[in-house]
Amino acid sequence: MTLPQLFFAYFAVSITGLSLLVVTRKNPVHGVLWMLVLFVHIAMLYLFLNAEFLAAIQIIIYAGAILVLFLFVVMLLNLRVEETERRFQWSWPVGLVAAGGYAVSLIFILVKITVFPQPGHYTIEKMQTEGNLMIIGKVLYTKYLLPFEITSLILLVAIIGAVVLTKKKQE
Amino acid sequence: MVPLSWYIMLSAVVFSIGVLGFLMRRNLIMVFLSIELMLNSINISLAAFSHYLQSITGQIMVFLVITVAAAEAAIGLAILMAFYKNNPTIKADEINLLKG
């Protein structure tokens, strides 16, 4: 095994283990905090794939905004009573069988898959000379301008929806 | 050099763990967290394809997915809060208002 493969093996094992920890912890706060460690590992995997911008927004948006929102809601609901109860639904074996079968079938399909790469313009050398962020910015504001604008609409809908859903009813 | 298929395998395994959490957990917050896990696994595979096909499109799709995930988390947790105000439970198997 070469050094990059060893690095990848570490990340693969730790990401799998951490995601298992996330879905099995009884206390939701512990689950969210394990998710934080998982997101840091995924950000490092992005660095490994020459995606510095993605690593940065993974930390800033996911760990900084979304997970804080989750923690905020967990603490707001104050679920101290629920920690003593069972954590899985009664139908959990069905879920286990479904997810296990899904994983096995997905892996059997993916073993046979072959990707024929048609190398694009954005080689690693170009990324390093021009900068990952500059390339993403150029492409995002020219070729993918419409999806970018639609994304802003989605965020607007999310803001209005969150305000409307949580505000008190007018008597 | 790490083969592309390793990344796709990792993505598939993490996605399956997310499906497992989505189907098994009772706490609705953990169900939402499992959805975030699934979105993250897809992001891993998109970034890997972007790197190996030497195209920037995958990274831009990851950017869009992260935005949608943020919107989804905000709306989902707002629905959760609105529901909790009416009947104080967030157990997935105790919420059966729409059951006939």
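By convention in this document, chain letters (A, B, ...) are assigned in the order of the sequence lines, proteins followed by strands, and residues within each chain are numbered from 1. None of the values given here were measured: they were computed from a predicted structure. Computed from heavy atoms alone, side chains included, the values below leave out hydrogens, waters and symmetry copies.
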How long is the straight-line distance from [atom2] of [Y] back to [atom1] of [X], given to the nearest 0.5 Å?
| X | Y | atom1 | atom2 | value |
| --- | --- | --- | --- | --- |
| L54(A) | Q59(B) | CG | CD | 4.5 Å |
| I42(A) | N40(B) | CD1 | CG | 4.0 Å |
| I66(B) | I60(A) | CD1 | CD1 | 10.5 Å |
| L46(B) | L49(A) | CG | CG | 11.0 Å |

Look at the aromatic rings of F8(A) and W6(B) and report parallel, tilted or perpendicular, splitting at 30° and 60°. tilted
Run the side-chain contact (heavy atoms from CB on, under 4.5 Å) test on V2(B) and F48(A) for me, step by step, so that the C-alpha distance in whole Å, both residues' side-chain angles and the decisive distance to 0.1 Å come before the verdict. CA-CA 10 Å; V2(B) 184; F48(A) 204 56; 4.2 Å; yes
Using side-chain heavy atoms (C-beta onward) and a distance below 4.5 Å, is [X] in contact with [Y]?
| X | Y | answer |
| --- | --- | --- |
| Q58(A) | V62(B) | no |
| V139(A) | T57(B) | no |
| L39(B) | Y62(A) | yes |
| F63(B) | I136(A) | no |
| F148(A) | I60(B) | no |
| R25(B) | F88(A) | yes |
| L37(B) | L38(A) | yes |
| M81(B) | L165(A) | no |

Provide the closest heavy-atom pair for A74(B) versus L69(A) in the form atom of the first, atom of the second, distance. CA-CD2, 3.8 Å
Closest approach of P28(A) to M30(B) (non-hydrogen atoms, all atoms of both residues): CA-SD, 3.9 Å
Considering only heavy atoms, which portion of [X] lies under 4.5 Å from any heavy atom of chain A: side chain, backbone, both, or neither?
| X | value |
| --- | --- |
| F15(B) | side chain |
| Y7(B) | both |
| S55(B) | backbone |
| E72(B) | neither |

Of all of L64(B), V68(B), L23(B), L77(B), which one pairs up most often with chain A through heavy atoms under 4.5 Å apart? L77(B)
Selection from L10(B), L80(B), V14(B), L33(B) maximising heavy-atom pairs under 4.5 Å formed with chain A: L33(B)
Between K91(B) (side chain) and Q89(A) (backbone), is there a donor-acceptor pair under 3.5 Å? no
Per-residue contact mode, I61(A) against chain B (heavy atom under 4.5 angstrom): side chain
Go through the atoms of V157(A) and report whether side chain, backbone, both or neither lie under 4.5 Å from a heavy atom of chain B. backbone
